[in-house]
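Remarks on the structure that follows.
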Amino acid sequence: MAVDSTTEGSTASPTSDDSELVGDGGVNVVDQSGSEPPTDSIVGTADDSIVREIGHDEFDPVGTLILVLIYMAILLGMWVFMYFVEFLGRGVTVVG
Amino acid sequence: MATAAGNEPLFVERFPDEAAVAKANLLVAFVALGIGAFFGLVQALHRTDILRIIDSADYYTLLTGHGVLLAIVFTIFGLAAFFHWATARSLDQPAVSTLFSWAWFGLMTTGSLLASVAILGGLVPNLGISADVLFTFYAPLQAHPIFYIGLAMFIVGTWLSGADWFLSYRAWREDNPDERIPLQAFMVLTTMIMWYIATVGVAVSVVFFLIPWSLGLIESVNPLLTRTLFWFFGHPIVYFWLMPAYMMWYTVLPKLAGGRLFSDPLARVVFLLFLLLSTPVGIHHQYLDPGIAEGFKFIAMTNTMFLLLPSLLTAFTAVASIEHGARQRGGEGYLRWLGALPWRDPAFAGMAFAGLIFAAGGFSGMINAGMNINYLIHNSLWVPGHFHMTVGTAVALTFMAAAYWLVPQLTGTKLYSRPIGLLQVVLWFVGMVFMSNAMHRAGLAGIPRRTAEPQYQNFDFVTPIGSIFELRVQIAFGGLLLFLSVVLFLFNMLLTAFGEKSERPVDEFLPAPLSGPEGSPRVLDNLGLWTGIAVVLVILAYTLPIAGIIQNGGGLFGGGLPVPVTVFPDVELVKTVLAGALAALAGVLL
Amino acid sequence: MEIHAYEKLWLALALVLIVGFIGTITYGAAGAGIEMIDDKGGTVDPATLDDHPKFGDPGIEKTGENSYDVYLVARQFVFEPGTSEPLRVPAGSTVTFHVTAADVIHGFDVVGTNANTMAIPGQVAEFTVRFEEPGEYGIVCNEYCGSGHHVMEGSIVVMEQSEFDSWYAEQNQEGEN
């Protein structure tokens, strides 16, 4: 269904209901593997390899949290280096 | 679900007219990309003194072409294609008038052609037409009038394209009075409101000052005023480039990863923050300008720093949506799930690489945003290093990656080659790592941007680690890889466009977000309210600085500045062309 | 509106980061004493720059015990002074620059330092720096200013105070003759 992911009401895709999704997800994936062309020749087929549906309440993005915390640490370190070493460390600077 | 995609007709079958308009926009965008990338290669080899095939004076002609063709034509025609597609798709209805869509496309294209002729005319001696003023066209450097006129036509074209999407929205709203605005349409509309506010600056600058001045109707301009008006527009245009990429990251990337968008309401919040904060920040490009008080610079910095917030939120939401996909595809562990992502899909890999480079470019942007630390890097090669990571990768690579997924929806043909696509995005990533890392370091060594020969008589640049020669080689090598990447991309697109129609050329299904808009406050969708606040913020940020510039800096027109370059002799010709263009426009519209 | 706990944490950290950045910049201004180029330099009519009492004959002049003013004009494609002859300044003194442009917008960057400003016709960029040690610096125009932009460069020679004093006296004598 190429319905906008945010549309509510009658046109909404069945996937907008989490409980339904978790129930029949795996079946759909198995269904289609026979008739379709090989998925790695076309773009956007990542969801053909879905092995389990994960709903809203079951998903904690812990990996994301780790990655963004690493990013934040890099930002802080680089900022301190750039400001206090590279910038303030220069001899001639505008003081008036 | 994935199977549903097989049953639903492709976008091109449901909306053939919209697909045609989107394709035409992409065609212009990709032609500009090819020419602009070639100029970029020539520049990378020239300024590093690896290979000089042009005269150094012509370097600036190519640099103007590179900037305008890539940062204006490629990006904004790309945006128009994505937004036209997204509006029809998310509202599930065609544009109100196809003729109107072609009219704005025609106006934007004509404007781009005029500006391009003015720029490339600089390569032909004795033609009398040139526009070696770079992307920023700071007066009193002067371009041929058709450069400014083309620019004005282009901007008006973008205004009309926005009107097209607002008309679609109005028609949809009549049938759906109580629905939440579909997310993609919400993104299109908020971005266009931001653009309307932002382009006021450049429109005033071009129409009231630069066009009359280039035609000889007024004698001089106030250089600080036109420069300030440029940056009034020049920073929000950054978000005009970025917002279509963000739209793809929010609404398409999760699907490409096999997951679903983590949070629809936060996506709306992010776009609203960009609407509010994109424009009252332009003065951060003028931290080292005389004639603007420090207090105004500090206000611009505070606004700019808070503009980090929506991008940092985007980082979280985008990565979480990807992680969701990886885990649905069987990914496990704290970070091992990264291996479960569809890295062989060029659309996914390209967008993921673009996001990764954007994280690095985000850091150098934080330095740029810092008021006094700006002394360190202002107008050094650090700055192009920064924006080749942002507009040059976060935007450009996302557009190319998105094209691998979107173009088959518009043509009905399969992507010619996924492996070539993958090679292309990897080449871009590697090339950009070499080029922009070296540019950042070169900037810290003091090497200026925008110069044909950064090799001087009186002094040598020094870099604490490595050598200046090594930096030059890295810049040239990176530039070469980037050019090859563009060649591969255009080759792949060309063969895709002429490929055979396929039953299932692409999987275009987009799943619903994990957290939908239902729980979010309805006030988020009150576009009138947010527009009002955005306008107030702009007035607060700009009234006093602009009043000061006009009062202290010799008035609106700068008081008798001599025109430094020759006034172009063929002004009559321009007036004729202008009249013809207006008549043609009237003919299309009436 | 429901926001995941992790994302709330990230949002809070992001705000702390932003406030931290603004705090660092404020420290640089208030604590380390770094001032911005601003509107204190005033304006000047670029059309009559040659008749200007200072910019008409740009260069360095002594204004106090240990303080000097430098008037400097950027024009296509030279710095006056700086290009045809180096700008000479004494070490260990306070030097206040007044930089303007005669034709188009230029840049003025003392290579490898934080002395960096735009030079805009009609505007005067005024800023004060100290050169502590004798030595030489390059000046580069870092804003595109026309087809010869890449040749627009100059140099600053920082001299020992005594050496500078004799040079300065000699200059003024020549001026009077």
Side-chain angles (χ1 to χ4, degrees), chain A residues 1-9 11-18 21 24-25 28-29 31-32 35-37 39-59 61-68 71-72 74-75 78-79 82-83 86-88 90 93-94, chain B residues 1-4 8 89-90 92 179-180 182-184 251 255-258 261-262 264 315-316 319-320 323-325 327-330 334-335 337 342 344-348 359 363 366-367 373 375-376 404-405 408 414-415 418 444 504-518:
Chain A
M1 291 273 293
V3 169
D4 186 271
S5 48
T6 57
T7 313
E8 291 174 31
T11 53
S13 138
T15 53
S16 62
D17 183 338
D18 291 335
L21 207 160
D24 62 12
N28 280 339
V29 174
D31 269 357
Q32 72 166 52
S35 57
E36 299 289 340
T39 53
D40 62 355
S41 77
I42 68 171
V43 174
T45 48
D47 35 6
D48 290 0
S49 317
I50 291 175
V51 295
R52 59 185 172 202
E53 295 286 348
I54 301 174
H56 175 257
D57 297 334
E58 308 146 296
F59 177 54
V62 61
T64 300
L65 186 65
I66 293 169
L67 288 175
V68 295
Y71 179 51
M72 174 89 45
I74 294 172
L75 287 183
M78 294 277 285
W79 174 266
M82 286 295 297
Y83 201 91
E86 284 280 353
F87 175 52
L88 293 185
R90 297 217 162 173
T93 206
V94 175
Chain B
M1 282 315 305
T3 45
E8 184 79 11
R89 191 201 147 273
S90 69
D92 202 20
E179 297 275 336
R180 297 302 293 262
L183 184 58
Q184 285 185 329
T251 65
K255 174 257 165 29
L256 295 174
L261 173 60
F262 189 56
D264 166 300
F316 189 97
V319 177
E323 181 182 355
H324 180 254
R327 297 203 184 276
Q328 290 205 127
R329 287 163 55 89
Y334 285 120
L335 293 176
W337 53 268
R344 284 163 59 205
D345 186 328
F348 172 79
F363 173 73
M366 292 168 196
I367 298 296
I373 197 174
Y375 282 121
L376 181 66
Y404 289 139
W405 177 77
K414 256 175 34 176
L415 179 65
R418 261 180 48 146
L444 288 178
R504 188 194 179 214
V506 65
D507 185 342
E508 68 169 29
F509 166 71
L510 293 182
L514 279 173
S515 169
E518 307 82 39

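Everything numeric in this text was worked out from a predicted model, so none of it was measured. Residue numbering restarts at 1 for every chain, and letters A, B, ... go by the order of the sequence lines.
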B:V506 and A:V43: which non-hydrogen atoms are nearest, and at how many Å? CG2-O, 3.2 Å
Tell me whether the rings of B:Y375 and A:F87 are parallel (<30°), tilted (30 to 60°) or perpendicular (>60°). parallel
Within the distance-only criterion (no hydrogens, no angle test), does the side chain of B:R327 pair as donor or acceptor with the backbone N or O of A:R52 below 3.5 angstrom? no
Nearest heavy-atom pair of B:V319 and A:L67: which atoms, and what distance? CG1-CD1, 3.9 Å
Could you go through B:F509 and A:D47, starting from their C-alpha distance and side-chain angles, then the distance that decides it, and tell me whether this counts as side chain to side chain contact (heavy atoms under 4.5 Å, CB included)? CA-CA 10 Å; B:F509 166 71; A:D47 35 6; 4.1 Å; yes
Need one label for A:V68: side chain, backbone, both or neither, based on atoms under 4.5 Å from any heavy atom in chain B. side chain
How far apart are the closest heavy atoms of A:A46 and B:A257, and which atoms are they? CB-C, 3.7 Å
Using non-hydrogen atoms and a 4.5 Å limit, figure out which bit of B:A359 sits close to chain A: side chain, backbone, both or neither. both
Measure distances from B:P505 to the heavy atoms of chain A and classify the residue's part below 4.5 Å as side chain, backbone, both or neither. backbone
Give, as side chain, backbone, both or neither, the part of B:W337 having an atom under 4.5 angstrom from any heavy atom of chain A. side chain
Can you name the closest pair of heavy atoms from A:P61 and B:F262 and give their distance? CG-CZ, 3.7 Å
With a 4.5 angstrom heavy-atom cut-off, could you sort out which part of B:Y334 is near chain A: side chain, backbone, both or neither? both
Side chain to side chain contact (heavy atoms under 4.5 Å, CB included) filter on A:M82, not counting sequence neighbours, yields A:E86, B:F363, B:I367, B:I373, B:L376, B:W382, B:L444
Using side chain to side chain donor-acceptor pair (under 3.5 Å) as the criterion, list what pairs up with A:Y71, not counting sequence neighbours. none
Starting at CG of A:D48, measure out to CZ of B:R329 and round the result to the nearest 0.5 Å. 9.0 Å
Write down the atom of A:I54, the atom of B:Q328, and the distance for their closest heavy-atom approach. N-OE1, 2.9 Å
Which atoms of A:L75 approach chain B - backbone, side chain, both or neither, heavy atom under 4.5 Å: both
Nearest 0.5 angstrom please: A:E53 CD to B:H324 NE2, how far? 7.5 Å
